[in-house]
Every structure is written in structure tokens, then in C-alpha cells.
J.: 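First, the structure itself, so that you have it in front of you.
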Amino acid sequence: MAMRIKKNIALSESGFIFHPSTGDSYSVNPIGLEILNLMKAGQSSEEIKAHMLEHYRVDGDSFEKDFYDFQVMLRTYKLVEDHE
Amino acid sequence: MSKPRYTIAVTGLNAIDSPGPGMAVIRGLRDAESFDVRIIGLSYENLEPGIYMHDLVDKTYQVPYPSEGQEVLLNRLEYIHRQEQLDFLYPNFDAELFNFIKLEGVLAQKGIRMVLPTVDQFEARHKINLYKYGKEHGILVPRAEMVFSPADIARVIGSFEFPVVVKGKYYDTGIAYNLQQAQQHFHKISAKWGLPILIQAFVHGTEVNVCAIGDGKGTTLGAVPMRKLYITDKGKAWAGITLDDENLLEITQRVIGATHWRGPLELEFMKTTEDAYYLLEINPRFPAWCYLTVGAGQNQIESLVNLAMGKEVQPFDSYEVGKLFIRYSEDMIVNISEFEQISTTGEL
């Protein structure tokens, strides 16, 4: 199962996120923005993990833990939806 | 082709911490592309800021309080009309609307047009009737009961779970977490706005509002949903943002379609975490934040004037999502001579 950013969510190059249905806005740091862009491009969690491990000095366990927390946050704020 | 120039009277010049909608309505009229305007302010009190905002209001006349009745109001409006030849009038207070609705026919004969709901529409959407209104139109409304005396509070509250919302007939709301707090709110609000007081079930969620206009035949001419981003201690929006919310638009169209609402209205909803929409209030006038609709691409204020003038008005089919309003306050410096003039002659 992959997680996708909802279609109506506006994501700017500066990392500003706007949810047009609720009026809520958020900001993410450059790493968060990179992950969101990968999700937007339709990459699976495994593909995102592989990408990040290749480009940053981080071990797999640490990334998975932080990535899981990040996904929980995205779900809480209703910014994403799961799809097969 | 030259544009017509209308003389339009507007109430609600009290741009204070709990603002009347008048100044926002006036800005919408000034922004109108299809006509030019001369703005006549109608004030109740000498310190309403709009009286002194000469870049927005050309001339102001004091008008009698609603409690003085329709005849006194009509006499005053006839005098103002003789001086100014009014084309249109925008009443903006809940408490004055009944008198203006009753005078609509008489004023229309004199050439002063208004776009207002009917008495039946005005009464049906009243806070005290809203629960029934929701049931009739298939709209979720929190259960509510009226209280006419302090002795009734305990009995009525017994059928609710705390917290409850205690509401005034026209304005003011308090949240009570126990019987004592409910009694305090009852006395405070009833002293100011009279009886009955409404006890309403509290709904948890996010407050979202819609500013809309209806043509009186069931068509929604415009609707813009907004969420308050910054709320004052009086519960008023100090900042807000337009939303993309199909459900809100659909409910709005349903309300206007079912009631054939004529004129402006504000729908106040509570959206729960389960995405249910509870209708809390229908205000039968523009809200103080209505200039946001202009900023978002729907000059609803202009549309209603054109509707009254017999022009063809096309419904708005879009608005800009993510448009914000941020209110601000400013100290004006005013000469005592101006204050003296409005205080002694009732005109400025």
C-alpha cells in the first residue's frame, strides 16, 4: 500500500503546504519537502527509503522510525490518502 | 458607456471590536465595477467610526433605535430621502431588520430599493426556530430549547449534557460547563438582549461559515465559505481564509433553494472531526467579513444592488480558494467640531 498526497493539497517549492478544504497551512523543512515530492511523484515507501539512504548519511532503522513518525503526522492532518 | 451613479444608504458603521458589517459593505460598493456610488451612512451612536471615515462615507445621518418603531424610522428616512434621493438601502443589523422588512413596500414606492428576506423567511431562520427549520430541510442543527425565566434553566438544562451553549436572541453567546455558569450567562445576556435565551447542545469541531446571496426564487447567486483563523475574545473573526468545500456549498444551495431566500445571509456551521456539518445559525444579512467575498472574486454586495435595479445578475460560479482577510484597527484623529455636529444636528 502506498501513501499519496491528496490531489487538492497545494505544495509550494518553499515547503509551504495549504489544505484548501480546512484552511490549515503547514511548513516542512527541505528534507520533508523532498519526501513529499517523492510521494507526489507516486513513489512507494520502499522507493523513498532507498532514495534517502542513497543521498543522505542515515542508517535504515533511523530513517524508518522518522519516516513512520512523519507519515503518522501527515495522516493526522489528513494531507494524505492510502491507495493500492 | 457611462456607469450609473447610485446613492446608497448603509447601516452598521460600528467598525469596533465586534464590528457591524457596514464598512465592509461600503468597501464592496466602492469596488463595484458596474456603478458609481454616493454613500450615506446611517448611524445609531455618535462614536460609530464610520461616521468619521470620509473617504468611505460621504454623509451620515443618525437614525432612531429599532425600539422606537417603524413610524419614527419611516419619518427619519423620508427626511433623509428628501435630502439625498436614495436609490438603495443596505440594513446590516439583525435587530433593525424586522422594521426595514416591514417598510420595504413603502420605501420601494418612494424609490428606495432593498433586497431583504420576507418576514416568514426572517422568522423561520431565527435562532429559536432553527432546530425545527433544520429538521424540515434535512440539515443537521444542534438540539436547542428556549428559556424564558431563571427558574426554567435547571429544568431545561437537565435534558442536555454539559457543556451547553447559552445564546441571546440577537447577539452574544456563552459556553457553560455547569448550572451556575449557565445562570450567569442567562442573566448577562438577557439583561442586554432580552428574552428568550436559547440553550443549545455544544458541538465539538471547527467553525466554518458561508457568506451567500439568494435571488428570492431559489437560486444561489454567490457563496463563499470561510474558516476563521484568528478569533477575538468576543468570538469574532480577526482573520479568515476562503475554503474549497463542496459540502458547504451544497448545503448553502439547499437552504437557499428550499427557502427561496432573498438577499444576503451568513450560515454558521460547526464541522466535526467526522466531517458532519451542524448548522449553528443563519444570519439574515451580510457578515462583517463580507469584503472577503469581493477579494475572492465575488462582489456579492454589488450583485444585490444590480438585482434590485432590475438588471440581469448571473450567479457566480467560482471564487479564489486560499484568499485571506486580516482585520486591523486604527486610531483616527477627529476634531471636536465633527463630534459636536453629529451630536447636535444628527448629521455629518
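Below, read A as the first sequence line, B as the second, and so on, with proteins coming before strands; counting in each chain starts at 1. Note that this is a predicted model, so its numbers are computed, not measured.
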J.: Taking all non-hydrogen atoms of both residues, which atom of B:Ile241 and which atom of A:Phe18 are closest, and how far apart?
T.: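 Result for this residue pair: CD1-CE1, 3.4 Å.
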
J.: Kindly check if the number of other-residue, nucleotide or ligand heavy atoms within 6.0 Å of CG (A:Asp61) is above 12?
T.: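 No, not enclosed.
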
J.: Within a radius of less than 6.0 Å around NZ of A:Lys6, do more than 12 heavy atoms belonging to other residues, nucleotides or ligands occur?
T.: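 Correct, the count exceeds 12.
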
J.: Taking all non-hydrogen atoms of both residues into account, name the closest pair between B:Leu243 and A:Thr22 and its distance.
T.: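 Shortest heavy-atom separation between B:Leu243 and A:Thr22 comes out as CD2-C, 3.4 Å.
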
J.: How about B:Phe162: does its CZ atom have over 12 heavy atoms from other parts shown lying under 6.0 Å from it?
T.: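 Enclosed: over 12 neighbouring heavy atoms sit under 6.0 Å from CZ of B:Phe162.
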
J.: Got more than 12 heavy atoms from elsewhere within 6.0 Å of CZ, B:Arg30?
T.: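 Result for CZ/B:Arg30: enclosed.
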
J.: Listed by residue number, which members of residues 317-327 of chain B have a heavy atom under 4.5 Å from any heavy atom of chain A?
T.: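 Within residues 317-327 of chain B, the residues that come under 4.5 Å of chain A (heavy atoms only) are B:Val321, B:Gly322.
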
J.: Residue by residue, scan residues 264-287 of chain B and write down, ordered by number, those that have a heavy-atom distance under 4.5 Å to chain A; if none do, write 'none'.
T.: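 B:Lys271, B:Thr273, B:Asp275, listed by number.
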
J.: Please say whether more than 12 non-hydrogen atoms of neighbouring residues, nucleotides or ligands are located less than 6.0 Å from OH in A:Tyr77.
T.: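 No, because the 6.0 Å sphere around OH of A:Tyr77 holds 12 heavy atoms or fewer from other groups.
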
